[in-house]
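Before any comments, here is the structure.
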Amino acid sequence: MVRAMLVLGIETSCDETAAAVVEDAPAADKRIRSTLVLSQLAEHRPYGGVVPEIAARAHLEHLDSLIARALDAAGVSLGDLAGVAATGGPGLIGGVMVGVMEAKAIAYARGLPFVAVNHLEGHALSARLTDDVAFPYLLLLVSGGHCQLLAVEGVGTYRRLGTTIDDAAGECFDKGAKLLGLGYPGGPAIEQAARSGHVARFPLPRPLLGRPGCDFSFSGLKTALAETVRRQGSLDDRARADLAASLQAAIVDCLLDRTAHAAAAFTARHGRGHALVAAGGVAANAMLRPRLSKLASDWNLRFVVPPPALCTDNAAMIAWAGVERLKLGLTDTLDFAPRPRWPLDPAAASARSR
Ligand code: KG4
Ligand code: ZN
């Protein structure tokens, strides 16, 4: 009998400590054997954002027991694993080091292969874990730290079509929520407040809308919101809801416009009939999903977005990227050094910095 490939995944690059066991099973709904996420929200909330030092300490404190619980929930022991995968970057370096050291220690002690996973690749491949999406596909990767459009052509082969020239979309949600006194993390708070808000009351700009290319910009939107808040003086709940609705609508309009440009570029090169995938925390947004779905059908692309819990940071996506890499023999040595920066498309990243 062929043994199932079971991989332990570890995610510690930001403010979630996560561990998961994923299996290379033929049916997508059987792949995740366990997935646990320990959020550090309570620790960071008083500061209105993630404090790297607090995050690293919390990962260190909880990771051992979380891994034990993930193995237990999956009904497996370390001896059953085919490999250990951990986020190797990009992210807050203290946290990444905690996860990488733990994975290396397990791999060394058990004689298992170790895979250092690019966190962004984890997000990028998550749709293959849930929906068996074939390469190539167009990816909108929208999280707290990243906002990119990529052609995903294979494991490790990413062509960046566009990126943000300033803030990420999630960052805009988070900073906007802070300005409105809606707390952290901003995305879910803005989405909630926007439900009872009216978009027409406070018009906000849509940076780069209609301009050529696939790059994003959100800092002008954030500044416009700050200015509107300042002019209002104090905010009541009505104004808060209306501003949240305006901000969400503006961010979603920008994301849609740039994704439409990317869909044109992608289909010109690869033809129609592929998939448009959304990933990253902002892809959990309930207003964004139906709009992207409509855009995809306009371009004859299949729209795939993982369930919200697999859009925000989790370890199942890291374990799955580990599965994909292990199957291709792409393992890392134990002298892998955690990478605070790690672009998916190094050529595009260095072209921009020149
Ligand atoms: O992927 P993720 O969990 O962490 C990063 O790698 O950054 O994304 C977190 C980001 C935060 O900025 C958060 O505000 C945003 O995703 N987010 C949302 C929603 N849920 C999370 N943004 C908009 N709507 C949501 N429902
Ligand atoms: Zn992420």
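None of these values were measured; they are calculated from a predicted model. Every number for a ligand or one of its atoms is a count from 1 in the order of the listing.
For the pair Arg128 and Phe135, the cation-pi criterion (under 6.0 Å, within 45° of the ring axis) is fulfilled.
Note on ligand 1: His146 sits outside its first shell, no heavy atom being nearer than 4.0 Å. Put simply, part of Gly145 is less than 4.0 Å from ligand 1, judged by heavy atoms. By the 4.0 Å heavy-atom criterion, His119 is counted among the residues contacting ligand 1.
The shortest N or O to N or O distance between Gly170 and ligand 1 is below 3.5 Å. Residue Ala286 has no nitrogen or oxygen atom sitting less than 3.5 Å from a nitrogen or oxygen atom of ligand 1, judged on distance alone.
Residue His123 counts as close to the Zn ion (ligand 2), with an N, O or S atom under 2.8 Å. The Zn ion (ligand 2) has an N, O or S atom of His119 inside 2.8 Å of it.
Atoms of ligand 1 lying under 4.0 Å from any heavy atom of Glu191, numbered from 1 in the order shown and given with element: 24 (N), 25 (C), 26 (N). Those atoms of ligand 1 with a heavy atom of Gly144 less than 4.0 angstrom away are 5 (C), 7 (O), 8 (O), 9 (C), 10 (C), 12 (O). When each atom of ligand 1 is checked for a heavy atom of Phe173 under 4.0 Å away, the hits are 22 (N), 23 (C). Short contacts between ligand 1 and His123, defined as distances under 4.0 Å to a heavy atom of the residue, involve ligand atoms 1 (O), 6 (O).
Atom CG in Leu138 sits 14.0 Å away from atom CZ in Arg302 (nearest 0.5 Å). To the nearest 0.5 Å, atoms CD1 (Ile318) and CG (Asn118) are separated by 8.5 Å. With rounding to the nearest 0.5 Å, the separation of CZ in Phe202 from CG in Leu243 is 4.5 Å. Distance check, rounded to the nearest 0.5 Å: CG of Leu150 to NE2 of His123 gives 12.0 Å.
Closest protein heavy atom to atom 2 (P) of ligand 1: Asp313 OD1, 3.3 Å. If you check which protein heavy atom lies closest to atom 22 (N) of ligand 1, you get Gly187 CA, 3.2 Å.
For Arg31 and Glu23, the salt-bridge test fails: no basic side-chain N is under 4.0 Å from an acidic carboxylate O. Between Glu121 and Arg325, at least one side-chain N (NZ, or NE/NH1/NH2) sits under 4.0 Å from a carboxylate O, which counts as a salt bridge. Ion pairing of Arg240 with Asp237 is present here, as a side-chain N (NZ or NE/NH1/NH2) and a carboxylate O approach within less than 4.0 Å.
In the candidate list Gly281, Gly91, Cys147, Gly281 is nearest to atom 8 (O) of ligand 1, counting heavy atoms. Across Asp174, Asn285, Val142, heavy-atom proximity to atom 24 (N) of ligand 1 is greatest for Asn285.
Arg258 contributes no side-chain N or O that, together with a main-chain N or O of Phe216, makes up a donor-acceptor pair within less than 3.5 Å. Between the side chain of Asp24 and the main chain of Met5, no donor-acceptor pair closer than 3.5 Å is present.
Among heteroatoms of the N, O or S kind in Asp313, OD1 lies nearest the Zn ion (ligand 2).
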